[in-house]
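Notes to accompany the following structure.
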Amino acid sequence: MDEFNNRVTLLKEGSESKGPVIYWMSRDQRVHDNYALLYTQKLAQERNRPFGVVFNLVTDFLNASFRQYDFMVKGLEELEKELRVYNIPFFLLTGEPAEELFRFIESRHISILVTDFDPLRVKRKWKKEVGNRIQIPFHEVDAHNIIPCRYVSGKQEYAAHTLRPKIHKHLPEFLTEFPDLKKLKNTEAFSSDPVDWKSVHREINVDEKIGKVDWIKPGEYSAHQTLKEFLEEKFENYAADRNDPVKDAQSDLSPYLHFGQISAQRAALEVKKSGGNPESEIAFLEELIVRRELSDNFCFYNNCYDSINGFPEWAKVSLQHHKNDKREHTYTLGQFEKAETHEDLWNAAQKELNATGKMHGYMRMYWAKKILEWTKTPGEALSTAIYLNDKYELDGRDPNGYTGCAWSIGGVHDRPWAEREIFGKIRYMNRNGAKRKFDIASYIQKHDG
DNA sequence: ATCGGCTCGCGCAA
DNA sequence: TGCGCGAAGCCGAT
């Protein structure tokens with residue numbers, strides 16, 4: 001029994017050689033507070049072997065845009081430097097994961113492979129393909145969730161209220177300080193050459209039209225700075241203002257959390273240490289822990305997390321029942337993307353997304369609900385919302401995004417509401433609700449002025 | 001400003 | 001088997 005208990009899953013048994021232990025980093029792109037890296041170090045030290053980190057860059061990952069690659073790759077550049085401080089070798093591979101990992105493991109005589117947990121299909125497929133080709137033991141560590149996804153629940157949870165008690169039950173055991181990453185002695189036996197980042201940038205094959213943004217700096221260091229500033233400057237009013245898209249009240253941590261440049265557990269620990277406004281603490285930890293980890297639960301246990309087949313039965317039946325309802329407005333993907341609807345509030349949200357790579361949380365719900373209202377079918381609505389989310393959001397392709405779209409359009413984790421046109425029993429949202437909550441005119445002015 | 005009804009099903013108490 | 005209650009709401013009544 002140690003701190004890795006229940007965080008580690010043996011994906012594949014195998015026979016160890018005598019070579020180095022390697023952490024195939026994927027979702028958790030950080031040096032500090034990373035249980036996958038700490039576990040790799042532990043395995044290596046117990047066996048008195050060297051260890052290192054490998055990252056495989058897929059150059060056209062699910063249509064990622066330049067904005068997202070730039071954020072990730074700059075984070076990796078910083079990661080390489082920070083690993084060097086600890087004398088931990090870092091290797092960057094590019095190409096098909098199964099092929100690249102297999103070749104790397106063979107040529108370097110790797111003895112054990114460790115990776116991090118990710119509920120998304122494409123990551124699970126890569127792991128399966130890698131596992132099929134290697135003969136060494138293959139471990140997976142949930143370094144992303146505070147309570148490991150596989151451990152907190154063995155099934156798809158119905159709603160936040162069914163997962164919440166399970167999380168809270170385990171928090172005293174899991175929400176604890178991290179063990180230290182130990183600095184290694186410099187060793188010639190297992191070392192890496194510096195990565196040629198210029199050539200990496202040339203290899204990336206992405207949509208350059210979605211440019212980088214300058215309001216947020218990528219990397220682990222900036223992630224910690226952002227957390228610090230949030231606690232110092234915004235935390236007091238977080239509970240009161242977080243749902244007001246005109247106020248700058250949110251933590252802005254989601255891009256960092258998505259790429260694993262900061263650990264949610266670190267954020268939770270710092271919030272508790274700071275002892276700020278108790279209402280803000282409750283509200284923030286609810287979003288940071290319960291809702292985030294509910295998203296991982298949904299994507300891990302529901303293979304249809306990005307299709308209408310993943311919706312609950314009552315929602316599927318109800319949407320089906322209303323599929324022929326007359327739509328007053330319908331728009332094509334291109335019209336949505338260019339923010340060319342009849343409604344200035346919706347257009348402002350899309351423009352916020354296009355320009356900044358981050359739409360406010362309240363507006364993400366409103367935005368997706370209107371896409372349902374203004375497309376021909378719920379299936380088209382869902383794929384439109386996911387396409388735009390994944391293309392423009394800095395935290396695109398995150399379980400949070402898929403789950404948010406499924407909540408808005410498909411009633412996932414929600415309850416049925418009074419039946420109405422198009423929506424059926426799916427919770428409705430409209431401009432009046434937004435008007436009650438915040439100053440619509442200033443939001444529109446801010447993003448569409 | 002605030003309240004109840006809307007509507008389904010999970011999970012716990014009994 | 002019954003019952004309370006739920007990820008961010010809407011609407012009409014008071």
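We use all heavy atoms of the structure for the numbers below, so side chains are in, but hydrogens, waters and symmetry mates are not. Chain A is the first sequence line, chain B the second, and so forth, proteins listed ahead of strands; every chain is numbered from 1.
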With rounding to whole Å, what would you report as the distance between B:dG11 and C:dA8 at their C1' atoms?
23 Å
Does C:dA8 have a Watson-Crick or wobble partner in any strand here, with both distances under 3.5 angstrom, and which is it?
none
Hey, would you say the A:F423 and A:H322 ring centroids sit under 6.0 Å apart?
no
Give the rounded distance in Å between these two atoms: OH of A:Y238 and C1' of C:dA8.
11 Å
Do the side chain of A:R291 and the base of C:dA8 come within less than 3.5 angstrom through a donor-acceptor pair of N or O atoms?
yes
Would you mind classifying the nucleic acid contact of A:H161 as base, sugar-phosphate or nothing, using non-hydrogen atoms under 4.0 angstrom?
sugar-phosphate
When all nucleic acid strands are considered with a 4.0 Å heavy-atom cut-off, which category describes A:R436: base, sugar-phosphate, or nothing?
sugar-phosphate
With both distances kept under 3.5 Å, what pairs with B:dC12, Watson-Crick or G-U wobble?
C:dG2
Can you measure A:R431 atom CZ to C:dC11 atom P for me and round it to whole angstrom units?
14 Å
Please give the distance between the P atoms of C:dA7 and B:dA1 as a whole number of Å.
27 Å
Hey, do the aromatic rings of A:H32 and A:Y86 have their centres closer than 6.0 Å?
yes
Take the protein atom CZ of A:R420 and the nucleotide atom P of C:dG12, then report the distance between them rounded to whole Å.
10 Å
Span that lies between the P atom of C:dC10 and that of B:dG9, in whole angstrom:
23 Å
With both distances under 3.5 angstrom, what nucleotide forms a Watson-Crick or G-U wobble pair with B:dT7?
none
Could you measure between the two P atoms, the one in C:dT1 and the one in B:dT7, and give it in whole Å?
25 Å
Donor-acceptor pair, distance only, cut-off 3.5 Å: does the side chain of A:R67 make one with the backbone of A:G211?
yes
Pair A:F71 and A:Y256, ring centroids less than 6.0 Å apart:
yes
Could you check, using the six-membered ring where one of them is a Trp, whether A:H170 and A:Y151 have ring centers closer than 6.0 angstrom?
yes
A:K369 NZ to C:dG9 P, straight-line distance once rounded to whole Å:
10 Å
Between CG of A:D414 and C1' of C:dG6 the distance, given in whole Å, is 8 Å
Answer with base, sugar-phosphate or nothing: what part of the nucleic acid does A:R164 contact at a heavy-atom distance below 4.0 Å?
sugar-phosphate
